[in-house]
Every structure is written in structure tokens, then in C-alpha cells.
Amino acid sequence: MSAGDGVTGQATVSSLDDSQIRELIRRFSLHSKETQNNAHELFAEMRKSCPVAHSEEHGGFYALSRYQDVYDAAHKPETFSSFPVTIPPFGNPTPMIPIEADPPHHRNYRTLVGRQFSPKSVASIEPYMREMVAKIIDDLAGSTEADLAKEVAVPLPLRAILELYLGVPEKDWDMLKDQFLYMLQPDPEASDEENQERSMEAGLNCTKYFAEMLEDRRVNGYGTDLISDLDQAEVDGERLEDDEIFGFCLVLVPAGFDTTASVLSRLLLMFAEQPELRSQLEAIVDDPDKLDLAVEELVRYIPPQPGVARNVTEKCTFAGEELDEGDRLLLLWPSANRDPEEFPNPDEIVLDRQPNRHLGFGSGIHRCLGAHLARLELKVFLQEFLRRVPRYHVTPGQEAVWHTGNTWGVKKLPVTFEAWSAN
Ligand code: HEM
């Protein structure tokens, strides 16, 4: 079974016996290739026989796999704190804002940035988004081969957040991307300590960069970017501390590009492996209502975040399991999204699925702030890409390379195109 089969969950024939599955659950980790390669087989077993499964990795934690349990846990922020939000933790001493903030502070932070990410505000950037996608495709046009992960999936969401929201100059995009990838995609071969050290160093580099941007705005005048907005904003009559502004940026950039990049890269791989999916999408891409439904279904089927962590704040019983203060939970969105108790035919892509209460964007107070932006990116991408880019296959002799970590996606996608049309 290839990594892609296990992650997208299309393989139907099990390659593992019961004791191998139990062993993989005991060693479950979002950073492990073994976990990723067998993900949907493990999720199915966890939902069936151990919905609060215990993994011994990263100091030990419980993984929630059933839709209802994941949903309920996401709606108990008092009992299940979001700090730290990853397993293992990044190691930051104070919570990242807003994703690691708990009630009551969390609400203030959300209010601060709610306007910039509202449906109306996001809709207003559609023309820029379309130009951006067109430029990415123009750069690709006519080539025989390309790495679609590097040349399409990453640049689109990266430019959207860095250029449209933060006003970061183009010369710095790659440097910031590399720093953030150190944090988001830890080396599966390195120890937790080594990865934590690398991620802390990258975090400090990015903080320094945003500190210089903030200083520049204060000296040379505010613009229309988010850093300018945050520096002038007030929460309960108080201005944000500089560290809070940097904290926002440290979350917004990776949350804004790595998630969408992972969905795009996986979708681009699926177009090569499942041409019929591409045909189905081509048939509806000009119908906005059908396209909206299709985008939701794609996020259900290939949610980029395999899971987020919660920290138990008090002794309690949850889903039949006794939990102690300090226990760690992992909420497995992709498993919840394939729970047959919630979704009929969960392993099938049903582009007009309704209802579709998927958890790909999370749920509860931390529900994705950038969901409207992500939806717009995906819609504009599908429209422009499917109209202009010819069909392609993975280049013979090469293969797609997946990454593990706090998002799961394809980091290398070497493809060979069929002929480009003249226009
Ligand atoms: C397809 C793309 C995306 C997916 C599937 C996705 C998914 C998620 C999920 C599952 C959460 C919940 C985390 C939790 O419960 O702890 C979340 C939170 C968040 N997302 Fe996204 N995301 C995407 C794109 C974006 C974009 C484009 C942005 C741009 C700003 C963004 C910003 C955030 C932020 C700031 C949070 C934290 C919200 C809070 O704590 O209140 N995301 N996202």
C-alpha cells in the first residue's frame, strides 16, 4: 500500500493483522510515517474497538476517533484547554494566539480579527485571488514537467496570507516559508527535543522579522495590513502587547498557508491518480452552488490537519474513560470525518453531499478563523486550474513524497503534462 492509499483511505484490502494494528495504535503519532501510511485502517479500528485509544508516544496521550466524541471535546474548552495545541508541544512558554488561548480571553482575540476574515471581507479579495492564481498558472504554462506541490500548492496560500493580509514583500516569502515549515513539519527521524529546539529557533527568527515589520509601521506610518490593524486595535480598552501581536502572526501565517497547501497538494495528486474525480469537478466548476458543496466535501475527505491536542484541566470522565488533570487528548478530525455514524458512505467522495457537518475546519470556539478564505482559495483555484491546466500524470520513475506533522500533505509532486492548449 502506498502512503497515499493509507492517507486518502481508498485501499479496501487490509494489509495488517490484528496484532499489527494494535501495535500501531499503541505507537500512534502524527509524526510517524507508519501511522500516516495506515491512517484510515487505524482510524476504523479505533472507532470500532477503542474510541479513546491510548498511545505511548510523546509522553503518552489519548486519541479520540469517533465523530461525536471529537465534536463534544471541541465544545468543552473549560475542561479541555487548547494550550498546548500540538502533541508533542512546540515548547512555547505562553499560548499562541488565538489557537492556544482559552476562555475568557479567547473571545476578545477572535473579535479583533473577525472582521478581516468575515465572508464580506474575504469576498472583496476575490479579484486579487484570481489574479494570483492566474499568475501561478501563467508561470507553469507550456512546461512539460513540474513539481505541483512546490509550484502551485504552496505559493497560492502563502502569497494570499503574506501579501494580501500581512503586506510582506515578495523577497521575504521563501525565507518565512522555510522557517514556518521547520515548525510545522518536524523531521520524523529527529527526536522530540531536536525538533523542539529547531522549531523554537525558527519561531524566534519569525518573531524578530515581525518585530521589525511592526517597528517599520510605527515609524513610517500604518497601512491596510493586519499588523497595522492589530497595533491600533483595543481589547477591553487596552492595546495589545507587542508579544500578542507577534503571537497572532506566528499562528496566522502557518495556519493560513500550510493547511490550504496540504489540501491543494493532496487534491493535485488525486487529479493524477483519479482522473474521474477531475472530470466530475470540471462538470460543476462553473456552478457556484455545486462548487460550494464540492469544496466542503473535499475538506471533509482530505482535511489537512490530522489532529489537534487538548490538555485536560480537571479530573473527569469522558467517553467512558477516566481522565486526570494533565492528561493529553488528540482530536482526530479525519477519523471523525469518516465516521459512518455521521456520514453515509464515508469513504466515498460525494461532491453534492448534504448534510455535511464535517469537522475539517474544526468546531466550537476555535473553529477555523480562515475558513472563508480557505474556501475562496479552493474555489478560485479549482475554476482557474481546471479550465487552463491540461491533464497530467506522476512522472514515471518518480513519486509523490508526503510529509507528516501537524498537517499531512504532499511536499513533492513531480508530474508530466499532456499538451497545453494554445490559449
Ligand atoms: C483548507 C484550509 C484550512 C483548514 C482545513 C483549516 C482547519 C482548521 C482547524 C481544524 C482549526 C481548529 C483548531 C483547533 O480546534 O484547535 C483551525 C483553526 C484556525 N485556523 Fe484554519 N484551516 C484552514 C485554513 C486556514 C486559513 C487560510 C487561515 C488564515 C488565516 C486559518 C487560520 C486559522 C486560525 C487562526 C485558527 C485558530 C482559531 C482559533 O483558535 O480561534 N486557517 N483551522
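All values derive from a computational prediction rather than experimental measurement. We count ligands from 1, going down the list as the structure has it; atoms in each ligand are counted the same way. No hydrogens, no waters, no symmetry mates; every other heavy atom, side chains included, goes into these values. Start at 1 with the first residue, then count along the sequence.
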Report task. Please indicate whether any nitrogen or oxygen in R110 is less than 3.5 Å from any nitrogen or oxygen in ligand 1. Result -> yes
Requested in this report: Could you check atom 32 (C) of ligand 1 against the protein and tell me its nearest heavy-atom contact, residue, atom and distance included?
Outcome: A255 CB, 3.5 Å
Requested in this report: Answer yes or no for Y109: is there a heavy-atom contact with ligand 1 below 4.0 Å?
Outcome: no
Query raised in the report: Using a distance-only test with no angle check, is there a side-chain donor-acceptor pair under 3.5 angstrom linking S81 and D102?
Result: yes
Query raised in the report: Contact between P98 and ligand 1, counting heavy atoms under 4.0 Å?
Result: yes
Requested in this report: Might you work through the salt bridge (charged side-chain N to carboxylate O under 4.0 Å, His left out) test for D292 and K379, ending with a clear yes or no?
Outcome: CA-CA 8 Å; D292 282 348; K379 277 190 273 189; 2.7 Å; yes
Report task. Determine whether any heavy atom of R375 lies closer than 4.0 Å to an atom of ligand 1. Result -> no
Requested in this report: Give a yes/no on ligand 1: does P303 have at least one heavy atom closer than 4.0 angstrom to it?
Outcome: no
Report task. Show which atoms of ligand 1 fall inside a sub-4.0 Å distance from at least one heavy-atom site of L252. Result -> 30 (C), 35 (C)
Query raised in the report: What atoms of ligand 1 come within less than 4.0 Å of a heavy atom belonging to V85?
Result: 16 (O)
Query raised in the report: Step by step, would you call E34 with R27 a salt bridge (charged side-chain N to carboxylate O under 4.0 Å, His left out)?
Result: CA-CA 9 Å; E34 261 185 322; R27 289 192 280 116; 2.9 Å; yes
Query raised in the report: If you measure from CD1 on I284 to OG on S279, what distance do you get to the nearest 0.5 Å?
Result: 12.0 Å
**Report entry** Matching residue for Y67 among F43, W333, F343 - test: ring pair (Phe, Tyr, Trp, His ring centres under 6.0 Å)
**Finding:** F343
Query - Min N/O separation H106 to ligand 1 under 3.5 Å - result: yes
Query raised in the report: Which of the numbered atoms in ligand 1 are below 4.0 angstrom from a heavy atom of F117?
Result: 30 (C)
Query raised in the report: Are there more than 12 heavy atoms of other residues, nucleotides or ligands under 6.0 Å from atom CZ of R107?
Result: no
Query - Distance-only polar pair, side chains of S32 and T35, donor-acceptor under 3.5 Å - result: yes
Query raised in the report: Is the closest N or O pair between H366 and ligand 1 shorter than 3.5 Å?
Result: yes
Requested in this report: Identify, for atom 23 (C) of ligand 1, the protein heavy atom at the shortest distance, and state residue, atom and that distance.
Outcome: T259 OG1, 3.3 Å
Query raised in the report: In the protein, which heavy atom is nearest to atom 27 (C) of ligand 1, and how far is it?
Result: G256 O, 3.5 Å
**Report entry** Residue portion contacting ligand 1 (non-hydrogen atoms closer than 4.0 Å) for V263
**Finding:** side chain
Report summary line: For R47 and S335, the nearest pair of non-hydrogen atoms, with its separation, is NH1-O, 3.0 Å
Query raised in the report: What about F318 and Y62, are their ring centers closer than 6.0 Å?
Result: no
Report summary line: shortest atom 36 (C) of ligand 1-to-protein heavy-atom contact is with L369 N, 4.0 Å
Query raised in the report: Does at least one non-hydrogen atom of G360 fall below 4.0 angstrom from an atom of ligand 1?
Result: yes
Requested in this report: Examine F117 together with Y165 and report whether their ring centres are nearer than 6.0 Å.
Outcome: yes
Query raised in the report: Under a heavy-atom criterion of less than 4.0 Å, does V113 contact ligand 1?
Result: no
Report summary line: The atoms of ligand 1 lying under 4.0 Å from a heavy atom of I365, numbered in the order shown, are 41 (O)
Query raised in the report: Given R357, which of E342, E297, E296 fulfils the salt bridge (charged side-chain N to carboxylate O under 4.0 Å, His left out) condition?
Result: E342
**Report entry** Per-atom contacts, ligand 1 versus A374 - under 4.0 Å to a heavy atom
**Finding:** 1 (C), 2 (C), 24 (C)
Query raised in the report: Can you tell which part of V308 has a heavy atom less than 4.0 Å from ligand 1: side chain, backbone, both or neither?
Result: side chain
Query raised in the report: Is it true that the NZ or CZ of R310 lies under 6.0 Å from the centre of F61's six-membered ring and within 45 degrees of the ring axis?
Result: no
Query raised in the report: Nearest protein heavy-atom contact for atom 14 (C) of ligand 1: which residue, which atom, what distance?
Result: R310 NH2, 3.4 Å
Query raised in the report: Between R217 and D231, is the closest basic N to carboxylate O distance under 4.0 Å?
Result: no
Report summary line: Residue, atom and distance of the protein heavy atom nearest atom 22 (N) of ligand 1 read C368 SG, 3.0 Å
